[in-house]
Q: 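Quick one: the structure is below, questions incoming.
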Amino acid sequence: MSVDARGRITHGRADMSRLLRKSGALADVTSLTMDLTLTGFGSSKPAGPLRGASARPPRPCCPCAT
């Protein structure tokens, strides 16, 4: 694992070889490594409205809530 000067994870690697099965499409594979690189820290603007979000404010559930 690697971190930047601010302590944020930027790179990780995991050996997944023990998850390989001796039969099937990957029977001849002897090593499986997962490499993860993290970049672009920060929050970006959403491309569109959030799922399930409505442009209108919600209506009160009962007349006494107004």
Side-chain angles (χ1 to χ4, degrees):
M1 192 176 316
S2 302
V3 296
D4 65 8
R6 294 176 63 185
R8 298 176 299 194
I9 298 171
T10 57
H11 178 257
R13 177 175 287 169
D15 182 3
M16 310 294 278
S17 299
R18 68 183 191 93
L19 301 177
L20 292 170
R21 295 190 177 153
K22 299 299 178 198
S23 63
L26 300 176
D28 295 331
V29 177
T30 58
S31 177
L32 179 63
T33 304
M34 184 173 63
D35 229 344
L36 178 65
T37 302
L38 301 153
T39 59
F41 290 98
S43 57
S44 59
K45 288 177 79 174
L50 298 175
R51 283 190 184 192
S54 173
R56 296 183 205 172
R59 294 183 187 189
C61 62
C62 59
C64 62
T66 57

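Note that this is a predicted model, so its numbers are computed, not measured.
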Q: Between Thr10 (side chain only) and Ser2 (backbone N and O only), is there a donor and an acceptor less than 3.5 Å apart?
A: yes
Q: Are Leu26 and Met34 linked, directly or through intermediate hydrophobic residues, by side-chain heavy-atom contacts shorter than 4.5 Å (ILVMFWY only)?
A: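 Hydrophobic grouping puts Met34 with Leu26.
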Q: For Asp35 and His11, run side-chain contact (heavy atoms from CB on, under 4.5 Å): C-alpha distance rounded to whole Å, both residues' side-chain angles, the deciding distance at 0.1 Å, then the answer.
A: CA-CA 8 Å; Asp35 229 344; His11 178 257; 2.7 Å; yes
Q: Identify the two heavy atoms, one from Ser17 and one from Ser31, that lie closest to each other, and give their separation to 0.1 Å.
A: OG-CA, 3.4 Å
Q: State plainly whether one hydrophobic cluster holds both Leu36 and Met16, where clusters connect Ile, Leu, Val, Met, Phe, Trp and Tyr through side-chain heavy atoms under 4.5 angstrom apart.
A: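 Hydrophobic grouping puts Leu36 apart from Met16.
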Q: Between Leu38 and Arg8, is a side-chain contact (heavy atoms from CB on, under 4.5 Å) present by the stated rule, with each step listed?
A: CA-CA 9 Å; Leu38 301 153; Arg8 298 176 299 194; over 6 Å; no
Q: Whether the side chain of Thr33 engages the backbone of Asp15 through a donor-acceptor N/O pair (distance < 3.5 Å, no angle test) should be reported.
A: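 No; judged by distance alone, with no hydrogens or angles, the pair does not exist.
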Q: Counting only heavy atoms not in Leu20, do more than 12 fall under 6.0 Å of its CG?
A: yes
